[in-house]
Every structure is written in C-alpha cells, then in structure tokens.
Amino acid sequence: MINCDDGTLKRSLLLGARIRFSPSGANVRSQAIERIIEQNLASNEVDTGLTEQDLQHLVTLGGQISVLRMSDLRQGITSLKQSGRIIDIRDGWQQRYLLSPEARLEVAQIVTETEEHTKATIKELFGNVFGEKDIYQKAFLRLLCKVFSELSEVYIHDITRKPGNTDLAEHRLLSVVIEETIRSEQLLDPDTFRYGVNRFFRESTPQFDQIKWNMAQNFYVAKALGLDTSSDLLSSDIFKDASLYCDTNVLIAGLIPGNRHYRSFKEMARSCNTIGMSLKATHLTIEELQWVISAQGDLLRKVIDRIPDETRAKVRNFFLEAYLSEKEVFPNISIDDFIDSFQRPKEILQDSFGLLKVDDVWFNIAFEDNEVRIFAKEISQKYKEMRGRAKSEIASLHDAALAIYVANENKNQRKSWIITLDITPLLSPRLRRGE
C-alpha cells in the first residue's frame, strides 16, 4: 500500500477508481450513495468505525458542503447492512459502522488495482523527477481531486470534445491549481510537475484516459445523486431562498447571445428559478456594467472602420465579436443601432432572466470605506501578479465592495454568493483567509 499519506490519499485513489454499479436492481442514485459510503469506510484507518455524522462530514462537494442528506445516508446504511456489506457496532450511545470482511477485501482489491495503474502513470509523468516519487504521487492525486471537484463541468466538456470549448490544459484555472499544489506540497522540482500535469491533460493515451474517465464519473455521480430535482449541480437545500450576485463580466455574458458563456448564464438563471434562488446585481455592478458598455461602444465607433475585414475576426473584444455576430444575422444593422440596443442593460436582463437590482445606502459611500480600499489594493496587487498588468482602481474598488457587501449579507444570515468569471478577487489573501 501507499506510504505517503493515510485515509486522505486512499480516498484520492478511490476517486480515481471506477465505481462498479450493479447491472440491475437498485437505481443508479441509490447505488452511487452506497458505493460512496463503502469507499469512505474503506479509506478510514480507524478500526472503531465511523458514525453517521462522521460519514456525512467526509462525503462533501469540493471539501466543504455535505453532499448527502442524513436521510439518504441512513437509507444507504440500511441497504448495505441488509446486503451484508457493512456491520454496525455499539460504542456507548453511538452506533458505528465498519465494512464487512468480504466488502473490505473487495474494495482493497480496487485500491490495489488503481494504485498499480496510478503508479505506472506517475512513473510515466514524473519518472525523472528530483525528489521522492511518493510525494509527487500524493501531489498529483490531490491535484486531480481538486480539478474534478471544482472544474468538473469544464473538464467534462474538454474530454468529450464538445465543440467550442477550450482545452482544459489552456484553462487558466488549471494553472492556478497547479501552482497551489506546488506550494502546498513544497515540491522540489516544480518545473517537472508543471510539465507532467499539463502533459497528462493534453495527451490522449489509454493509460491517461482511463484515469480521466474514472475521475470524470464524479461529475455524473453528482448528477445521479440528485443534488436538486432537475439534476443540476445545485442543491435546493443549500441554495433555496439564497441570493446569487452577478459580477459585471457575468452580466455581459447574459446580454450577448453569441458570448461563449451565454448558455451557462441562461442555464444558471433557469436553475435559480427552479430551486428558489434570486439572481441579483448590486447598484454598483449595474453602474459598472453601464460604464463598460458606454466605453466599449465609444471605442467601437472609433476603430470599427480602421480594422481590416480580414483581421476583424481575430480581434479579441466582446463588443466587436457581438457586433460581427449580429451583422451575420442582420447585415444592414448600423454600428449606432447595435450599440443603442444595449442602452438599458438592467431592463434587458430583468425581462429575460428575472435579474433583480439591489440598492443600499451603503453603496453611496462604499468606495470611501477604509476596508474596501485596503481590500481593493490587495485585489489589484494579485491581479498584477497573475496578469502582469495592473487592474484599474475603479474595477478593483468595485470587486472589493461587492465581496465585502456579500460577506456582510452572510454575516447577517442572508445566504449569498458571488458568481464571476474573474478569479483574481477570490485569490486575494483576505478571501483565502476566509474573511
């Protein structure tokens, strides 16, 4: 067995193993719950077993939110007891659960098979690495767990080669996860680790693809678990009556049907309506959105005639891309008519997606708030480190104000989240400390 970590690493290996569903009998959802319970019991190094609360704490989505309702967990435990897969023991007033000897032997075999395959992959990717190989195995497995818990949908699109999606290896979030792993594991040969991880995601080989597909099952298992009634990766228990605050870049995607994130925005709005969430934007965000549209519109008017026809499609600008897409449908549309169609963005988003504008007297003095200004500097610094160029003061202030406002909403027991395409604020020291 592996010697570089205990239960955590074993759980990582099990995540990379194929969950063996029975061909008939219980439905996929019930089987998924039972297999998850079994695998967490198998990864437990304590001979005294686990309680229901222990299991619920271990079975999480992205390491924080419990996936299984207690009723689901109890139903899975009852079924496993009836089939002889687990046994229960009394510990005072608590009931604890262990895998039966037969089930433990079966799961151990899965771990062994997966370990052998994983070690072969590690040797292929990091065979010439400087330092102990086990350390790189642990780092690689933890990276995979993080990728598939946080980037599952992006990755599913990538490995199924859905048209119009970027390669995950080129996705900026993968680079962030790689760097976080290098720092947390204190790897002695970071360049080899970067190269190996990128090679794993870029290349398609039977050895690599087996791990990718086995990990990808987590995406489908999450859907099978029914985290909400429409099989979205949103749970009505967690998000019902909550507020989802859209950043400016997300609202832009919702305004432009040709935008690559438009369908995701539309699906998000539909999901919010299904489970009783409110899709919102603050007064500051609406103001920033109007300013961006105005500035981009003025710029487009100035440069549209100076861009050669043969290079227009190569220019990376959301407003120009939207204009060119619109002209394909309406060849005679003028630049002024196109820009004028965006003059009432809040009303467009409200009518199309039910977006609510949130106003608060605090917004009037938000940019003068000392906490906001300090946080904005942190965001600006992080942006410069990541992108090599500074983020404008007004944009940094907006991001800081939005984050602090939503944080205060949560402090006041009003469940709120931010949805953004920009990860810079999320990587600032303040948010990483959980403030």
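Sequence positions, counted from 1, serve as the residue numbers for this chain. Below, each value reflects all heavy atoms present in this structure, side chains not excepted, and no hydrogens, waters or symmetry copies.
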Pairwise side-chain contact, Pro345 with Ile293, heavy-atom cut-off 4.5 Å (strictly under):
yes
Quick one, Lys411 with Asn408, criterion side-chain contact (heavy atoms from CB on, under 4.5 Å). Give me CA distance, side-chain angles, the key distance, then yes/no.
CA-CA 5 Å; Lys411 287 179 183 178; Asn408 288 334; 3.9 Å; yes
Would the number of heavy atoms belonging to other residues, nucleotides or ligands and lying under 6.0 Å from CD of Glu179 be above 12?
yes
side-chain contact (heavy atoms from CB on, under 4.5 Å) between Glu124 and Arg199, worked out:
CA-CA 10 Å; Glu124 174 71 19; Arg199 181 187 166 198; 2.5 Å; yes
With a 4.5 Å heavy-atom cut-off, do Gln95 and Glu52 have their side chains touching?
no
Side-chain contact test, heavy atoms from C-beta onward, threshold under 4.5 Å: evaluate it for Phe126 versus Asp189 and give yes or no.
no
Tightest non-hydrogen contact, residues Trp417 and Ala242, listed as CZ3-CB, 3.5 Å
For Leu251 and Cys246, which heavy atoms make the closest approach, and how far apart are they?
CD2-CB, 3.5 Å
To the closest 0.5 Å, what do you measure between CD1 (Ile178) and CZ (Phe201)?
7.5 Å
Within a strict 4.5 Å, meaning less than it, do heavy atoms of the Gln296 and Phe342 side chains meet?
no
Quick one: does Thr78's side chain have a donor or acceptor within less than 3.5 Å of a partner on Arg74's backbone?
yes
Looking at side-chain heavy atoms only, is the closest gap between Thr420 and Leu402 below 4.5 Å?
no
Heavy-atom pair of closest approach, residues Lys280 and Ser243
NZ-OG, 2.9 Å
Are the side chains of Val358 and Tyr405 in touch, meaning some heavy atoms are under 4.5 Å apart?
yes
Rounded at 0.5 Å granularity, tell me how far OG in Ser278 sits from OH in Tyr245.
8.5 Å
What I'd like to find out is whether the side chain of Ile252 reaches to under 4.5 Å of the side chain of Leu289, using heavy atoms alone.
yes
Evaluate the ring planes of Phe193 and Tyr136, with Trp represented by its six-membered ring, and classify them as parallel (under 30°), tilted (30 to 60°) or perpendicular (over 60°).
tilted
First locate atom CD of Gln381, then atom NZ of Lys391, and finally report the distance between them rounded to the nearest 0.5 Å.
13.5 Å
Look up atom CD1 in Ile86 and atom CZ in Arg104, then write down how far apart they are to the nearest 0.5 Å.
11.5 Å
So, Asp399 versus Ser396: side-chain donor-acceptor pair below 3.5 Å or not?
no
Looking only at heavy atoms, the pair that brings Ala400 and Ile379 closest together is N-CD1, 3.7 Å
Exercise: identify the closest heavy-atom pair between Ala401 and Val372
N-CG1, 3.9 Å
Salt bridge (Lys or Arg N to Asp or Glu O under 4.0 Å) partner of Arg85, chosen from Glu38, Glu102, Glu34:
Glu38
The reported gap from CD in Gln137 to CG in Leu125 (rounded to nearest 0.5 angstrom) is 11.5 Å
Applying side-chain contact (heavy atoms from CB on, under 4.5 Å), run through Gln109 and Glu106 and close with a yes or a no.
CA-CA 5 Å; Gln109 183 180 354; Glu106 179 186 317; 5.6 Å; no
Given 3.5 Å as the limit, does a donor-acceptor pair link the side chain of Asp369 with the main chain of Ala366, or not?
no
Taking the six-membered ring for Trp, are Phe353 and Tyr262 parallel (under 30°), tilted (30 to 60°) or perpendicular (over 60°)?
perpendicular
What heavy-atom pair brings Asp247 and His398 nearest, and what distance separates the two atoms?
OD1-CE1, 3.2 Å
Sidechain-backbone polar pair: Arg96 side chain, Arg90 backbone, donor-acceptor under 3.5 Å:
no
Between Ile87, Thr51, Leu50, Ile77, which is the residue that forms a side-chain contact (heavy atoms from CB on, under 4.5 Å) with Tyr97?
Ile77
Kindly indicate, with the supporting measurements, whether the criterion side-chain contact (heavy atoms from CB on, under 4.5 Å) is fulfilled by Met268 and Phe265.
CA-CA 5 Å; Met268 176 180 68; Phe265 184 92; 3.7 Å; yes
Verify, without hydrogens or angle tests, whether Ser184 (side chain) and Thr181 (backbone) share a donor-acceptor contact under 3.5 angstrom.
yes
Hey, could you give me the CG/CG distance between Leu41 and Leu99, rounded to the nearest 0.5 Å?
5.0 Å
Answer yes or no: is there a side-chain heavy-atom contact under 4.5 Å between Ile182 and Arg194?
yes
So does Val406 get a backbone contact from the side chain of Asn410, meaning a donor-acceptor N/O pair under 3.5 Å?
yes
